Amino acid sequence: MRMNRCRLSPLFRLCGTRSKRGFTLIELLVVIAIIAVLIALLLPAVQQAREAARRVQCKNNMKQIGLALHNYHDAFNRLPITTYVSPVNEWAARAGIFVRLLPYIEQQALYDKFNMQVSNTLNHPWTGEIVPSYSCPSEPNTTKTIGGGGELAFPPSYGVNRGEWFVWDPNTGRYGSGVFHPNAALTLAAISDGTSSTLAASEIRARSEGFFGDGSPSTLNYPAPQSQSDIQSFLILPHLMHHHWSNSGVKETGFTTAFTPNSVNSDFLSARENEPTSSGGTVATALVYAAITSRSHHTGMVHSLLLDGSVRSISENIDILVWRALGSRAGGEIVGEF
């Protein structure tokens with residue numbers, strides 16, 4: 001007679017059953033470690049993909065601005081003016097270039113809210129409106145602020161070309177080597193260096209730190225700075241730059257080519273070109289010099305719009321002479337490849 005060993009001892013498993021066994025702690029830790037390694041490997045790739053998408057969107061924003069500039073030129077036979085300042089000792093600052101371009105980036109309704117005949121401080125709360133085409137998706141400083149006139153302000157990510165260093169002489173109306181100026185609207189025919197070799201706009205960092213001066217340099221043809229030390233004595237009063245997309249001043253919606261892109265040199269403005277007085281006590285007759293750098297949150301480069309409507313990714317290591325040549329409209333320089 002055969003005996004059923006399944007019933008002889010608890011050492012034997014019951015017949016017809018299988019063991020039920022879970023993960024051990026060590027096995028669980030190994031699985032967690034493997035998942036962590038995979039995440040660590042994949043995260044940079046995901047971040048790179050997101051940044052690539054943001055770069056594409058930023059580039060598209062600038063292309064929209066370029067198309068708007070050409071449509072504006074077709075409509076008025078000239079490029080937009082930065083601001084009106086007349087007479088010299090009266091503040092008559094109106095809404096800036098980016099307000100004038102609103103109808104050409106499908107923002108007609110917002111444009112219609114602006115009164116172009118009054119000081120821009122009287123146009124709030126429209127000045128605090130968010131215009132997606134004027135904001136880089138990589139820009140972290142996207143909070144609204146209160147401007148000096150009590151108006152809401154939303155920061156821009158792009159500025160227009162105001163030249164190399166000298167911006168404006170309010171006494172004579174003389175303006176700098178760039179493309180956009182107060183009291184003057186140029187035509188594309190005036191860009192003798194060629195639209196494919198002249199900057200129209202470039203990236204700027206919103207709400208960047210800078211300085212006002214005391215009206216110095218006070219003489220015409222003062223040489224452009226070569227380094228931070230050349231402007232150090234002019235840096236008098238700390239001031240926030242680029243916090244107002246609808247404003248016309250170079251410190252808000254402009255840049256100069258005094259320093260190469262993403263330079264660590266401090267931004268500097270000797271005097272405002274659209275007010276009778278500026279911080280530091282200078283009067284409206286003071287010459288306007290500016291070292292306001294094009295900067296980006298994209299690593300190693302900035303997106304720049306040329307006057308022919310094309311957008312280029314320009315290395316922060318570009319030669320300073322080439323960068324300044326791109327900033328001048330009629331310097332006669334041969335830019336070549338960049």
Side-chain angles (χ1 to χ4, degrees), residues 57-86 90-137 139 141-162 179-188 200-204 206-207 242-255 272-275 305 307 309 311:
Q57 182 58 53
C58 179
K59 197 170 185 178
N60 287 338
N61 287 348
M62 299 206 78
K63 287 182 178 180
Q64 289 298 313
I65 293 172
L67 183 60
L69 284 171
H70 278 263
N71 286 337
Y72 185 100
H73 190 277
D74 289 343
F76 296 99
N77 295 314
R78 63 182 183 273
L79 294 166
I81 196 171
T82 60
T83 187
Y84 293 102
V85 185
S86 177
E90 177 184 342
W91 181 19
R94 307 300 204 279
I97 283 179
F98 289 141
V99 175
R100 302 175 194 280
L101 294 183
L102 287 175
Y104 306 98
I105 58 168
E106 301 181 352
Q107 293 284 345
Q108 181 71 50
L110 178 57
Y111 176 81
D112 290 341
K113 295 177 181 179
F114 279 83
N115 184 344
M116 303 296 286
Q117 303 305 313
V118 300
S119 168
N120 201 38
T121 58
L122 301 178
N123 277 311
H124 59 84
W126 325 126
T127 56
E129 291 287 330
I130 299 173
V131 182
S133 295
Y134 297 157
S135 184
C136 173
E139 174 57 62
N141 295 315
T142 56
T143 56
K144 296 181 182 181
T145 58
I146 302 297
E151 75 280 9
L152 282 174
F154 187 79
S157 296
Y158 312 107
V160 295
N161 174 16
R162 302 296 300 274
V179 175
F180 301 97
H181 314 283
N183 289 6
L186 303 183
T187 65
L188 289 177
S202 193
E203 287 189 86
I204 53 178
R207 298 175 56 79
H242 305 314
H243 82 293
H244 207 322
W245 70 265
S246 63
N247 193 280
S248 56
V250 61
K251 77 179 186 68
E252 298 292 0
T253 52
F255 75 98
R272 300 189 198 188
E273 77 272 28
N274 61 353
E275 292 186 19
L305 170 70
L307 269 174
V311 179

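Because the structure is a prediction, the values reported are computed rather than measured.
Contact check for Leu102 versus Gln108: no side-chain heavy atoms found under the 4.5 Å cut-off. In this structure the side chain of Pro182 reaches within 4.5 angstrom of the side chain of Arg162, judged on heavy atoms. A heavy-atom distance below 4.5 Å is not found between the side chains of Val160 and Val179. The closest side-chain heavy-atom distance from Leu101 to Tyr134 is below 4.5 Å. Contact of the Asn161 side chain with the Phe255 side chain is registered, since non-hydrogen atoms from C-beta on lie closer than 4.5 Å.
Going from atom CD1 of Ile130 over to atom CZ of Phe154 covers 4.5 Å, rounded to the nearest 0.5 Å. Here Ile204 contributes atom CD1 and His242 contributes atom NE2; the two are 4.0 Å apart, rounded to the nearest 0.5 Å. To the nearest 0.5 Å, atoms CZ (Arg100) and OG (Ser246) are separated by 11.5 Å. The line from OG1 of Thr83 to CD1 of Ile97 is 10.0 Å long, rounded to the nearest 0.5 Å. With rounding to the nearest 0.5 angstrom, the SG atom of Cys58 is 3.5 Å from the CD atom of Glu203. Atom-to-atom distance recorded for Ser133:OG and Ile65:CD1 is 7.0 Å, nearest 0.5 angstrom.
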Please tabulate, for the side chains in residues 67-80, all donor-acceptor contacts under 3.5 angstrom to protein atoms that are two or more places apart in sequence or on a different chain.
from: His70; atom 1: NE2; to: Leu307; atom 2: O; distance (Å): 2.7
from: Asn71; atom 1: ND2; to: Leu67; atom 2: O; distance (Å): 3.4
from: His73; atom 1: NE2; to: Leu188; atom 2: N; distance (Å): 3.0
from: Arg78; atom 1: NH1; to: Phe76; atom 2: O; distance (Å): 3.3

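Within the 3.5 Å criterion, the main-chain N or O of Lys113 finds a donor-acceptor partner in the side chain of Trp126. Put simply, the side chain of Lys144 gets close to the backbone of Gly128: a donor and an acceptor are under 3.5 Å apart.
Annotation for Gln57: atom CD counts as buried by contact number, over 12 foreign heavy atoms lying within 6.0 Å.
Phe98 has its ring centre no less than 6.0 Å from the ring centre of Trp245.
Inspection of the Asn61 and Tyr158 side chains reveals an N or O donor paired with an N or O acceptor under 3.5 Å. No side-chain donor-acceptor contact under 3.5 Å links Gln64 and Asn60. Side-chain contact, Glu252 with His243: a donor N or O sits under 3.5 Å from an acceptor N or O.
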